Number of protein chains: 4
Amino acid sequence: MPRSSSPSRRKQPRQQRAQATCDAILTAAARLLVRDGYEATSTNRIAEEAGVSIGSLYQYYPNKEGLVLAVLEQHGSRWLTEFDAGLKELAPAPLGVAVPSIIHHILTLKRLHPQLDSLRYALLPVLRPLGHVDTFEQQLFRLVRVFLAARLDEIRPRELDMAVFIIVHTLEALCHAAGVDRPDYLTNDAFPNELCVLVLGYLSLSPAPLGHPPRKAAATRRKYEQ
Amino acid sequence: MPRSSSPSRRKQPRQQRAQATCDAILTAAARLLVRDGYEATSTNRIAEEAGVSIGSLYQYYPNKEGLVLAVLEQHGSRWLTEFDAGLKELAPAPLGVAVPSIIHHILTLKRLHPQLDSLRYALLPVLRPLGHVDTFEQQLFRLVRVFLAARLDEIRPRELDMAVFIIVHTLEALCHAAGVDRPDYLTNDAFPNELCVLVLGYLSLSPAPLGHPPRKAAATRRKYEQ
Amino acid sequence: MPRSSSPSRRKQPRQQRAQATCDAILTAAARLLVRDGYEATSTNRIAEEAGVSIGSLYQYYPNKEGLVLAVLEQHGSRWLTEFDAGLKELAPAPLGVAVPSIIHHILTLKRLHPQLDSLRYALLPVLRPLGHVDTFEQQLFRLVRVFLAARLDEIRPRELDMAVFIIVHTLEALCHAAGVDRPDYLTNDAFPNELCVLVLGYLSLSPAPLGHPPRKAAATRRKYEQ
Amino acid sequence: MPRSSSPSRRKQPRQQRAQATCDAILTAAARLLVRDGYEATSTNRIAEEAGVSIGSLYQYYPNKEGLVLAVLEQHGSRWLTEFDAGLKELAPAPLGVAVPSIIHHILTLKRLHPQLDSLRYALLPVLRPLGHVDTFEQQLFRLVRVFLAARLDEIRPRELDMAVFIIVHTLEALCHAAGVDRPDYLTNDAFPNELCVLVLGYLSLSPAPLGHPPRKAAATRRKYEQ
DNA sequence: TATGAATGAGTGTTCATTCAT
DNA sequence: AATGAATGAACACTCATTCAT
């Protein structure tokens, strides 16, 4: 069971055919990982599912871990791109507008790829100790930190790092748990509203913005857009 | 790799010697699981570490998964016992007193067995799909639900199940993440205070009790004991 | 012959059945190594040939290299035992008696296990760099050194280590080469006689053709240019 | 792992560029073989090191073995050329002059390319059984035979082939062993002198160390038991 | 009750080689 | 002439589990 300490790529495909092979492997790996989990997914099975030989798989990915990291990285970076885009749109919005919007956005993203998303959430911590630098979490922290830093006068917490830690982990865990245990929470109105109360209640200065607990994100938005 | 769908026990030890064997296996399994993780821990290695033969191990536990579940159940039920005891003491306390106390209690428990605790948090979800009914989470939910149900007049959320879901997952995730990524958070004052703000801000009736963000749990307690 | 604390063993067999398994594996390995060579011999094939499962093989030998070393060690230590016995018998004999006898003995041993012997000669140097201490060669050197040291007044060389080096490597190489390329040399009279001339000519005191052993090639040249 | 039985060349390069490719492959192969050994050196790695594609490698060499043979042949034929030149210079010299000179020459060659030299010595026997005719050894035997045949009146052995066999294998083995285990022997004076004693003692006419060269070990024994 | 020898399907991975471009 | 994507048989090795003793 040899294992090199190299990253998730071994060789860059130079021909178009090779790129197609790479993609097929990545897609097959994602499908099997979601279906069977990390340990039950074998590289031989992935190659078979992708319709390529096992040798081709190892031509582009250094080992199983590297391949799985590539899957997670691809998904993670796409997620971050979309999340960042959402944040950028909300750059000028006040906290009470931005937070509900962000939560709505996160839940939408969750509904788009619930399984890959959960896979990343569950797998990255397991793969991390094996030498990987968790770029995804670092980037997410940075984005949220920038968001909060721009609203220092609107928020209560003074220790930004801790606030970021709390908000990110809370939202990630709740979205993940909802996706796994309560899919209905992802498609009703109450859950996002509760998340807004949770996050805004934590961030807001007093008097808290909870005077009239909003029933819907829409309501909240209206309220702060006046 | 046959796998029976049976629970975590195969046979009840009837002699004292047998009980000692069972315990030795459980202890060894816990140690190795914490040190090496689930997949890297083999049943043969556990038997060796416990000083018993592999045959004895399979006399008391139906398979690897069952053995690991037994480890997690033992730890989980001990945790629940202590947590429940804490809750019972706080039965008459108002929310603003009880929550800081509970959070303090949870963090204390976390500091006592950080590794086994994290193991349970990370492993139960992985083992669950394999046929296990997550008794731990069910019991925890029930305890917290009872706690909240006794304070319906003090809290805002009307959907108790969702509130339990949010609070339990939030606190579990944050304590776990702190233990793994920020051990310093487990031993400073700021972190529990922030958790109190988070939970109380979420649960409290408006106008929120956050007018003067408390610097310490002590401060919070005083405030609510008026 | 003392056993080296072996990197070639994983577990000691405790039951008789296990010892039989170990022996079967060793025997099968020797047979296949002789027939196919190191690289062409696979552990799976060895297990099959031994009539045991591959798992049993790895229960007693840590890896392919360890297994092969066990084969070579077994053969090497048997060889050394017999060689040592021969030396001991000749302890009181003068050089001119002992050397022919030893050479005769060595060639007899070679004829008994020509293939295993050649295998050891060819394989140990390849396996050595992988961390193995070449006990066989060390022991052989020591035995021969003791033999020569007891005859200091009968031999010319003053640097014993170099003399041992030369004699051991010469005889090993010639016996090996004869076994491989000229099996007829192992069974005629001329070859052992020539070996005697070679060794005695090298060891003996004058009257040698080199009455005044030259310190330099230049000296030699002068002598013969007269 | 198909393997053709063809020799070490597949196709003659016709363009200058092709010749450069061939040379680059040969050079890279030699470097990697010396560094990593035969089995650890892969053809893909050789092509990469040579800066050519794997396809080009197989355009000029039929398989891995053929390529390695080409490396060894190149080195072997260069060695033979230099050795032959040395022999020619010594054509008129008497044995006592020629032998020390030759030994000096051999050790000098050894010091020039110790690794490639050892590689050839260790590898040719392994590759030979796979169908290769060992031209190197045949040529070396012929050269030494011619050398001895010109000095029949100066030497004792009557069976020239056996004498050649003994001398060639002895010197090869001792030089190789010195290069591997005792590099200091290659650069001091004592070692070559001892080699001279060994070889001249073996070849020289009487007064031999064995006044009456024994026809049998038994004869020898009788002589010394008087 | 306890032992530990035995199993073998299955894993991740390599590498000599081919062939379409 | 040169490329490099693709192949897949084969390898060393693991480990959950069984069962004769």
Side-chain angles (χ1 to χ4, degrees), chain A residues 1-4 11 13-22 39 42-47 52-65 67, chain B residues 1-4 11 13-15 17-18 21 39-48 52-60 62-65 67, chain C residues 11 13-22 39 41-45 47 52-65 67, chain D residues 1-4 11 13-15 17-18 21 39-48 52-60 62-65 67:
Chain A
M1 207 189 306
R3 192 142 281 180
S4 74
K11 198 172 169 183
R14 306 196 176 183
Q15 300 179 9
Q16 195 186 344
R17 176 171 59 140
Q19 186 56 56
T21 297
C22 272
E39 297 294 339
S42 78
T43 51
N44 281 287
R45 189 72 193 76
I46 291 171
V52 306
S53 77
I54 181 63
S56 291
L57 187 155
Y58 279 94
Q59 199 141 59
Y60 297 108
Y61 303 96
N63 51 39
K64 182 182 177 181
E65 192 193 324
L67 168 54
Chain B
M1 210 190 301
R3 188 138 284 175
S4 73
K11 199 175 181 177
R14 309 204 171 180
Q15 299 183 9
R17 176 172 58 146
T21 297
E39 298 293 339
T41 300
S42 75
T43 51
N44 283 288
R45 187 75 190 75
I46 291 171
E48 189 186 339
V52 306
S53 76
I54 182 65
S56 294
L57 187 153
Y58 278 92
Q59 204 140 51
Y60 296 109
N63 51 37
K64 182 183 177 181
E65 193 194 322
L67 168 54
Chain C
K11 198 173 170 183
R14 307 196 177 184
Q15 300 179 9
Q16 195 186 346
R17 176 171 58 141
Q19 186 56 56
T21 297
C22 270
E39 298 294 337
T41 300
S42 78
T43 51
N44 282 288
R45 189 72 191 75
V52 305
S53 79
I54 181 65
S56 292
L57 187 155
Y58 279 95
Q59 200 141 59
Y60 297 108
Y61 302 96
N63 50 38
K64 181 182 176 180
E65 193 193 322
L67 168 54
Chain D
M1 208 190 304
R3 187 140 284 172
S4 73
K11 199 174 177 179
R14 309 205 170 178
Q15 299 183 10
R17 175 172 58 147
T21 297
E39 298 295 337
T41 300
S42 76
T43 52
N44 282 287
R45 188 72 191 77
I46 291 171
E48 189 187 339
V52 306
S53 76
I54 181 64
S56 293
L57 187 154
Y58 278 92
Q59 204 141 48
Y60 296 109
N63 51 37
K64 182 183 178 180
E65 193 193 322
L67 167 54

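Keep in mind that this is a model prediction, so the values were computed, not measured. We name chains A, B, ... by the order of the sequence lines, and we start the count at 1 in each one.
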Base-pair string, DNA chain F, Watson-Crick plus G-U, cut-off 3.5 Å on both distances, | for inter-strand, is .||||||||||||||||||||
Picking from [options], which would you name as closest to the side chain of [X]?
| X | options | answer |
| --- | --- | --- |
| Thr43(A) | dT7(F), dG12(E), dA5(E) | dG12(E) |
| Gln59(C) | dG12(E), dA6(E), dT7(F) | dA6(E) |
| Val52(B) | dA1(F), dG4(E), dT3(E) | dT3(E) |
| Ser56(B) | dA5(E), dC15(F), dA2(E) | dA2(E) |
| Lys64(A) | dA6(F), dA5(E), dG12(E) | dG12(E) |

What is the separation between atom [atom1] on [X] and atom [atom2] on [N], rounded to the nearest whole Å?
| X | N | atom1 | atom2 | value |
| --- | --- | --- | --- | --- |
| Ile54(B) | dT17(F) | CD1 | P | 9 Å |
| Gln16(A) | dA6(F) | CD | P | 11 Å |
| Leu67(C) | dC11(F) | CG | P | 15 Å |
| Asn63(A) | dA12(F) | CG | P | 20 Å |
| Leu57(D) | dA1(F) | CG | C1' | 14 Å |
| Tyr58(A) | dT17(E) | OH | P | 22 Å |
| Glu39(B) | dT11(E) | CD | P | 12 Å |

Subject >> Ser53(A) side-chain N/O to dG8(F) phosphate OP1/OP2 under 4.0 Å >> reply: no
Below 4.0 Å: OP1/OP2 of dA6(E) and any side-chain N or O of Thr21(C)
yes
Comparing nearest nucleotides in DNA chain F, the 5'-proximal residue of the pair Gly55(D), Thr41(B) is Gly55(D)
- [ ] Classify the side chain of Asn44(C) versus the base of dA10(F) as yes if they form a donor-acceptor pair under 3.5 Å and no if they do not.
- [x] no
TODO: Determine the contact category for Tyr60(C): base if any of its heavy atoms lies under 4.0 Å from a base atom, sugar-phosphate if only primed atoms, P, OP1 or OP2 are that close, otherwise nothing.
DONE: sugar-phosphate
Applying side-chain hydrogen bond (donor to acceptor under 3.5 Å, both in side chains) to Arg17(C) and not counting sequence neighbours gives none
Residue pair Arg17(C)/Arg45(A) against DNA chain E: nearer the 5' end by closest nucleotide is Arg17(C)
message = Looking at Glu39(D), I want to see if its CD is surrounded by more than 12 non-hydrogen atoms of other residues, nucleotides or ligands under 6.0 Å.
response = yes
